[in-house]
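Heavy-atom basis, side chains included; hydrogens, waters and symmetry copies ignored. Start at 1 with the first residue, then count along the sequence.
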Amino acid sequence: MKRILMFLMVLVTALSLVACGEEDMATYKNAVNKTNEIMRGQSSYEITVNQEFNIDGLTPEEIKDINYFKKMVLESRSQFNSDKKKVIAHNYSNFGGMGFDTDFYMNNDEVFMKMPIIGKYMNLQGLLKKEDDEANEQIISQDTIQKIKDNWIGILNEEDVVSGEKSLLSTEEGEVKATLFSISLTDKQIKKLVNNTINDLLDDNNLTRMMEKFVNYEEKSISLDEIVNKIRESISSSNITDFKYQVYIDIDGCIVQSNMTMEIEYPDAEIGEIKSQEINMITNVWDIEEEQSFNFPSLTEDNTLQQGEINQGIPFMFEDIFKDEKGGK
């Protein structure tokens with residue numbers, strides 16, 4: 001169950017990457033393309049997932065474990081310069097009320113992160129190279145991200161995109177003039193998008209290797225294929241009861257804010273499985289194409305986790321959440 005939920009979080013995060021009459025559709029497509037081409041700036045996103053489970057017949061200990069996943073929150077705030085391969089991202093994750101922060105850094109070929117709860121940096125590039133010579137610094141490749149974005153545009157029809165009122169939008173830079181666009185999708189379109197996204201993720205060899213390592217962390221009681229097939233079955237039998245997606249396009253033609261809400265019911269949920277989900281995503285972009293000032297820390301032997309210390313550096317809450325359950329779902 002926990003491994004299935006982890007794959008779902010990867011899927012939700014991937015979908016968050018995608019960022020009417022014929023004129024509205026063209027305006028929106030142009031805005032998507034222009035936003036995708038932004039090379040410098042700052043951005044943020046917040047993903048909140050509320051879930052209800054079928055707990056009939058579960059033990060108190062199993063219910064306790066599931067409660068970690070009733071509410072999940074992922075937040076990130078970053079600055080980037082894609083030309084120079086520079087990124088600093090401050091991230092926050094919360095599972096069932098227990099959260100932790102991570103700071104991610106990419107400085108050209110250097111890739112490392114810091115968990116403030118540990119107080120030391122982890123050299124991700126070195127770790128990846130030691131564990132897998134074929135791995136690179138990106139868990140999800142740019143090709144995969146582009147495929148997901150193309151799928152999003154590909155499922156839209158002209159009547160799905162409608163422009164609305166012009167307004168002053170409050171942003172990190174102050175108030176900016178923007179036009180609201182609303183996108184409507186059917187149950188069939190959303191399921192097609194999700195299935196296409198799963199296909200694209202599975203075609204990404206680097207991501208697949210990472211997921212397989214996670215799935216087989218302690219035992220091989222379930223394969224990645226079984227997890228994916230279970231998710232596909234759940235998607236097929238689900239009912240998407242609500243979907244709202246709105247974006248704000250500024251006068252320069254960039255999407256500066258997007259808001260998405262989706263509610264899903266799973267009528268065939270078995271014991272321990274998800275009965276319903278409410279997913280909310282908010283993204284913002286600002287400082288578009290403005291020069292960014294990066295303050296990278298210097299890695300030393302004293303402030304960096306050594307290879308033998310990596311497992312000891314995992315916060316206790318995540319050892320409990322993500323450890324494989326022997327004989328469990």
Side-chain angles (χ1 to χ4, degrees), residues 1-16 44-77 91-102 115 117 187 190-191 194 197-198 201 211 214-215 217-218 221-222 224 226-245 259-283 314-329:
M1 166 57 65
K2 294 175 182 177
R3 286 166 289 194
I4 292 175
L5 284 167
M6 198 61 190
F7 188 88
L8 282 171
M9 288 306 295
V10 173
L11 180 61
V12 170
T13 305
L15 285 169
S16 74
S44 69
Y45 69 77
E46 179 179 341
I47 303 172
T48 304
V49 182
N50 291 295
Q51 306 184 120
E52 293 296 330
F53 294 83
N54 180 356
I55 62 174
D56 295 339
L58 294 182
T59 66
E61 185 65 26
E62 289 170 330
I63 294 174
K64 177 185 175 182
D65 287 345
I66 276 181
N67 283 340
Y68 283 123
F69 299 96
K70 289 191 71 175
K71 182 175 183 178
M72 299 182 289
V73 178
L74 301 176
E75 298 177 3
S76 181
R77 184 185 179 98
N91 309 304
Y92 173 74
S93 303
N94 189 300
F95 292 79
M98 293 193 298
F100 79 110
D101 299 286
T102 58
M115 294 182 181
I117 194 172
D187 182 281
I190 295 171
K191 290 179 179 178
V194 173
T197 299
I198 291 175
L201 293 175
M211 291 302 300
F214 175 80
V215 169
Y217 178 61
E218 286 183 358
S221 61
I222 186 171
L224 181 60
E226 290 175 301
I227 291 175
V228 172
N229 289 337
K230 185 65 179 177
I231 291 174
R232 290 192 193 278
E233 291 173 4
S234 297
I235 293 170
S236 177
S237 62
S238 68
N239 299 317
I240 299 172
T241 58
D242 186 44
F243 178 84
K244 294 185 178 71
Y245 186 55
N259 302 276
M260 190 276 282
T261 299
M262 181 164 58
E263 296 180 9
I264 314 170
E265 294 179 349
Y266 302 93
D268 298 332
E270 298 178 1
I271 295 173
E273 293 183 345
I274 301 168
K275 291 197 305 183
S276 64
Q277 287 178 309
E278 179 182 326
I279 302 170
N280 297 279
M281 293 193 294
I282 301 174
T283 65
I314 300 174
F316 76 93
M317 66 188 73
F318 282 85
E319 288 180 354
D320 182 49
I321 292 174
F322 295 127
K323 68 181 179 180
D324 288 13
E325 299 169 298
K326 298 189 182 294
K329 285 268 183 187

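A donor-acceptor contact shorter than 3.5 Å links the side chain of Gln51 to the backbone of Phe69. In this structure, the side chain of Ser236 does not engage the main chain of Arg232 through any donor-acceptor pair within 3.5 Å. Remark: the backbone N or O of Val73 is not paired with any side-chain donor or acceptor of Asn94 at under 3.5 angstrom. With Glu62 contributing its side chain and Thr59 its backbone, the two residues share a donor-acceptor pair below 3.5 Å.
For the pair Thr48 and Met281, the minimum side-chain heavy-atom distance is 4.5 Å or more. Side-chain contact between Tyr266 and Ser276: absent, with no pair of heavy atoms (C-beta onward) separated by less than 4.5 Å.
Contacts of Lys70 classified as side-chain hydrogen bond (donor to acceptor under 3.5 Å, both in side chains), with partners at least two apart in sequence or in another chain: none.
When every heavy atom of Asp56 is checked against every heavy atom of Asn54, the shortest pair comes out as N-OD1, 3.2 Å. Closest approach of Met72 to Phe95, counting heavy atoms only: SD-CE2, 3.7 Å. Between Ser238 and Lys191, the shortest heavy-atom distance links the atoms O-NZ, 2.8 Å. Considering all non-hydrogen atoms of both residues, Leu58 and Gly272 come closest at CD1-CA, 4.0 Å. Scanning all heavy atoms of the two residues, the minimum distance from Ile198 to Val228 falls at CG2-CG1, 3.8 Å.
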